[in-house]
Novice: 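Let me begin by handing over the structure; questions about it come next.
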Amino acid sequence: MNKQLSFNLQIENQLRIDQVIKINQLAKSYNGKIYLLTKNKSEINAGSLPTLITYLLTVKSGQVLNVVIDGPYPQLKLNDLRQICSSTVIKKSQKVLQPALKMKI
């Protein structure tokens, strides 16, 4: 049974790219539709990464997003979405490249 759930989500800090990717993956794996409504009532499909990134680049800290989840068990996806957006934990920086070692030959 599909249900539609509409809610406002306040963004405390501008979303990082890893959060945007997680939102996109959540929307793609969901057996329904997740989209954002803009101020001029346009729909931004969360399953389309380029569109989602472009839109979320314009979202500032403290702004409220109008999110619509249409599909089975929307409350579960709402909880997942809130967890992704409120994630303030920044992963420890990891060195990608190892420092060069000096050797005598």
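It should be emphasised that the depicted structure is a prediction, and the values quoted were computed from it without experimental measurement. Start at 1 with the first residue, then count along the sequence. No hydrogens, no waters, no symmetry mates; every other heavy atom, side chains included, goes into these values.
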Novice: For Q4 and V68, which heavy atoms make the closest approach, and how far apart are they?
Specialist: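 Looking at all heavy atoms of both residues, the closest pair is NE2-CG1, 3.2 Å.
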Novice: Using 0.5 Å steps for rounding, measure from the NZ atom of K60 to the CD atom of Q14.
Specialist: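 One finds 5.5 Å between NZ of K60 and CD of Q14.
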Novice: Find out whether S42 and Y35 are in side-chain contact, i.e. whether some heavy atom of one side chain is under 4.5 Å from a heavy atom of the other.
Specialist: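 Answer no - side chains too far apart.
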Novice: Could you tell me if the side chain of I17 sits less than 4.5 Å from the side chain of I21, heavy atoms only?
Specialist: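 They are in contact (side-chain heavy atoms under 4.5 Å apart), so the answer is yes.
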Novice: Kindly indicate whether the side chain of I11, heavy atoms from C-beta on, has any atom under 4.5 Å from the side chain of L65.
Specialist: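 The answer is yes; the side chains approach within 4.5 Å.
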Novice: Can you give me the closest heavy-atom contact between A27 and I34, atom names plus distance?
Specialist: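 Answer, listing the atom of A27 first, then I34: CA-CD1, 3.9 Å.
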Novice: Using 0.5 Å steps for rounding, measure from the CG atom of L36 to the CD1 atom of I44.
Specialist: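 So the gap between those two atoms works out to 7.0 Å.
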Novice: Between L5 and L9, is there a shared hydrophobic cluster once you connect ILVMFWY residues whose side-chain heavy atoms come closer than 4.5 Å?
Specialist: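 Same cluster: L5 reaches L9 through Ile, Leu, Val, Met, Phe, Trp or Tyr contacts under 4.5 Å.
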Novice: Just verifying a value: how many Å separate Y73 OH and N79 CG, rounded to the nearest 0.5 Å?
Specialist: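 That separation rounds to 14.5 Å.
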Novice: Do N24 side-chain atoms and G47 backbone N/O form a donor-acceptor pair below 3.5 Å?
Specialist: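 Looks like yes, one N/O pair under 3.5 Å.
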Novice: Quick one: side chains of residues 50-57, donor-acceptor pairs under 3.5 Å with protein atoms, not counting sequence neighbours, listed by atom name and distance.
Specialist:
{"from": "T51", "atom 1": "OG1", "to": "S48", "atom 2": "OG", "distance (Å)": "3.0"}
{"from": "T54", "atom 1": "OG1", "to": "P50", "atom 2": "O", "distance (Å)": "2.8"}

Novice: L81 versus F7: any side-chain heavy-atom pair under 4.5 Å?
Specialist: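 The answer is yes, as the side chains (C-beta and beyond) meet within the 4.5 Å cut-off.
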Novice: Side-chain heavy atoms under 4.5 angstrom apart, residues restricted to Ile, Leu, Val, Met, Phe, Trp, Tyr: same cluster for L78 and V67?
Specialist: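 Both belong to a single hydrophobic cluster.
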Novice: Which residues satisfy the side chain to side chain donor-acceptor pair (under 3.5 Å) test with K33, sequence neighbours excluded?
Specialist: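 Applying side chain to side chain donor-acceptor pair (under 3.5 Å) to K33 gives E43.
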Novice: Heavy atoms only: give me the nearest P72-N31 pair and the separation to one decimal.
Specialist: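 Distance-wise, the nearest heavy atoms are CD-O, 3.1 Å.
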Novice: Any side-chain heavy-atom pair from K22 and L26 closer than 4.5 angstrom?
Specialist: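 Not in contact.
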Novice: Examine distances only and state if a side-chain atom of Q19 and a backbone atom of I84 form a donor-acceptor pair shorter than 3.5 Å.
Specialist: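 Yes.
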